[in-house]
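Below: one structure, written as structure tokens.
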Amino acid sequence: MKRVLLFVCALAWMCLPASAAPVVAASAAEATQAHHERKWLALLHYRPHAGGYVSDADRPAFFLAPNGKHSPGDELAAALDALRSNRATEFACRFPARYEWLVRRFGLFPDTQPDSAWMVRCPELQAWYARFPGTQISINFASSYMESPSSMFGHTFLKIYQDSNRSLLSPTINYAARTAARESELSFVRKGLFGGFPGVVDELPFYRRLRSYSENEGRDIWEYQLALSPEQLRTLLLHVWEIRDGIFDYYFIGENCAYRTLALIDVARPELGLLAQFARVTVPVETVRTLKANGLVLGSTYWPAYTKRVRQHEQQLGSEGAQQARAIANGAMAGDTGVQNDPRRQAGVLQLAYEYQSLQINRDQAARETAKATMNAIVRQRLALATDSGLTELPASATPDQGHRGSPLSLGLFDSDGRQGYLLGWAGFQHTLGDPLAGYEPYAEIAVLKAQLRFGQGQAARLQRIDWLALQSTDPGSSLLGSSAWRLLLSTRDRDFVDGQHRVTGLDYGRGRAWPLGPAVLAVMPGVGLEMSRAQPHDVALSGTLSVLLSHQGERWSTQMAWEAGKFVLGSRLYRSEARLKASLALGSDSNIAISARRSFHPRASDELLIEYQYFR
Amino acid sequence: MKLPVLLLCILQLTATPCAAADACTWFEPDAGPVAQSTRILSDRAREIRDFALFAHRKIGADIIERQGLYLETLLDALPACADRNKKITWLTRLLIEAPDTGQFADRIARLIDAANPAPPATAPAP
């Protein structure tokens with residue numbers, strides 16, 4: 001009976017919008033007023049521009065009116081016209097979120113019920129929508145991945161879920177750039193910065209995201225449950241359908257994954273104005289903070305990077321256990337060797353061997369078959385032990401949104417070879433080894449658009465440096481996972497020459513290793529440097545470089561000692577070397593004070609002392 | 001479940017009695033694998049097969065520890081059986097015996113379809 005009723009109901013709906021249904025015409029005045037409403041502006045992605053509006057959408061197909069990109073009013077009139085014509089069904093199937101809002105807002109089709117039965121006329125949409133049976137939604141933040149320019153600041157995506165038992169199977173909504181498989185690196189960066197990649201949505205299940213981010217790339221994921229009602233979630237999903245296939249260009253810095261993900265939530269909750277603070281730069285974790293500040297975050301779940309899990313288990317078993325696990329995974333030792341008298345420890349070693357081999361399989365495709373056979377043998381031996389391993393996983397100490405904000409303002413006093421002055425600094429985004437650690441990855445540095453202005457005694461202000469992009473990772477790793485240390489610096493700075501300081505623009509890259517040294521980390525990174533300056537004899541010069549860094553990061557205190565040298569081998573015979581020492585004290589989550597000293601040995605001796613206060617905003 | 005009915009189900013020659021029967025029978029050591037069939041997998045079985053394929057190693061790690069979300073997801077997808085240990089033992093056996101990841105995933109998917117006859121599958125996902 002219920003099915004019959006549903007069928008009749010659906011049949012009635014199928015006939016209504018496309019036939020001569022009694023559409024209540026909105027008055028011109030009402031339509032004029034409605035096009036300023038936040039919901040309409042959010043659905044069409046309009047933002048204020050030159051006294052009017054402009055939509056972020058980059059494809060004409062997103063609009064019905066010829067000037068829809070710039071005119072919310074004309075676009076609304078065109079949409080209402082479509083609903084009054086025989087194109088109503090076509091409109092509903094293409095723009096379902098717009099359709100449902102217009103129907104409610106203007107009381108269209110009053111003889112029909114405001115439920116989802118109209119969707120039966122749109123089989124493609126209906127099939128797609130049925131893939132999201134959940135009633136709850138979370139935003140997931142994947143921590144930074146410094147190996148890829150598009151993921152340096154992290155990544156966000158949505159998950160639609162029903163209950164915890166099916167959490168891994170839940171579909172996700174992931175907005176990303178559609179890139180060509182053979183895109184050159186230069187083209188990749190150019191299009192990412194200036195446009196050229198269409199932004200598209202894919203809907204893989206959550207376990208596939210965990211595999212990509214947590215297992216393959218070693219990134220943490222924090223899942224934040226969002227306070228959206230089922231109706232708001234429905235609007236969000238229907239809007240995903242509207243924008244999922246290349247409606248917007250993708251930009252790494254501004255209109256990126258995080259911006260578009262936030263824009264989807266903005267469509268569900270337009271009254272909050274979530275996008276207001278994001279104009280040119282969108283840092284993913286800042287969007288999470290915005291959601292939290294607006295009371296949209298209910299709680300969070302931590303999905304640690306797989307490499308962290310392995311590292312923690314390695315620490316619990318000690319170096320001997322780690323070596324045994326490596327030997328078992330490599331097939332050099334039987335799983336029951338060495339620790340037979342301690343079944344629990346043996347279970348732990350076997351589990352670590354299994355986890356280590358899981359990572360190796362990802363990294364070495366050639367040895368896949370051998371690795372699989374080894375894993376099977378490990379499983380058999382492990383299952384023969386009727387005991388648990390006792391290995392545990394430690395919770396994260398802080399969530400990313402609890403970390404310091406991204407953009408610091410700094411004020412400092414310096415003494416440079418007896419000349420005193422003060423400096424002002426600013427960065428678009430920064431986290432360095434000296435900044436408060438909570439919520440950030442240890443041993444990692446990132447700075448974008450970091451500028452420093454100096455004022456000396458009786459001298460005009462001078463822009464002393466701009467670091468366009470500075471990246472550094474000095475992860476000491478572990479005996480199983482190995483270490484990775486590298487750095488990249490693209491900057492315009494005042495640098496030492498024999499006759500004083502001159503402005504240079506340079507690119508430095510180094511790669512080496514890092515080792516734990518008690519509570520500190522020692523990194524050695526040989527590399528190369530390319531420098532352009534009028535002070536160089538041939539304007540361009542190439543150097544071989546060496547950077548040695550000893551650093552310690554604590555909850556409040558951090559210290560770094562560095563020695564850097566560069567010998568030019570092409571275009572110049574200059575030799576530079578300098579040593580630096582820095583100590584920082586976190587005054588809170590968003591501020592710190594640091595004292596640093598620098599001594600330059602070559603090409604001329606100079607000393608500098610600096611005291612600096614930073615506030616992140 | 002009576003043995004002849006179980007055999008019919010295993011051979012996928014009948015469907016209705018399988019669903020009604022006590023699904024724990026599927027996990028008995030002597031139940032044997034569900035026969036290969038040309039029948040298209042249901043949406044649900046295909047979803048779980050893909051999960052088992054992609055998450056095989058994480059599932060393996062959970063089976064070893066007899067706990068974890070990957071294991072719970074599979075247990076939830078398998079035919080209902082009050083005895084959780086029977087399911088885990090069956091999965092453990094399968095993990096060891098299945099010669100590769102594909103067969104591990106296929107056997108789970110076929111069991112789901114054999115025990116829970118579902119409506120015909122929709123078009124395969126792209």
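Letters A, B, ... are given to chains in the order of the sequence lines, protein chains preceding strands, and every chain is numbered from 1.
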Establish, yes or no, whether a centroid distance under 6.0 Å links the rings of A/Tyr224 and A/Phe141. no

Heavy-atom cut-off 4.5 Å, strictly under: side chain, backbone, both or neither for A/Leu391 against chain B? neither

At a heavy-atom separation under 4.5 Å, does B/Leu75 approach chain A through its side chain, its backbone, both, or neither? neither

With side-chain hydrogen bond (donor to acceptor under 3.5 Å, both in side chains) as the criterion, how do A/Gln312 and A/Thr392 come out once you've worked through the C-alpha distance, each side chain's angles and the decisive distance to 0.1 Å? CA-CA 8 Å; A/Gln312 285 174 2; A/Thr392 56; over 6 Å; no

Looking only at heavy atoms and a cut-off of under 4.5 Å, which of A/Glu355, A/Glu215, A/Met375 has the most pairs with chain B? A/Glu215

Name the orientation class of the two ring planes belonging to A/Trp241 and A/Trp128 (parallel below 30°, tilted from 30 to 60°, perpendicular beyond 60°). tilted

Between A/Asp245 and A/Arg178 (salt bridge meaning N to carboxylate O under 4.0 Å), is one present in this structure? yes

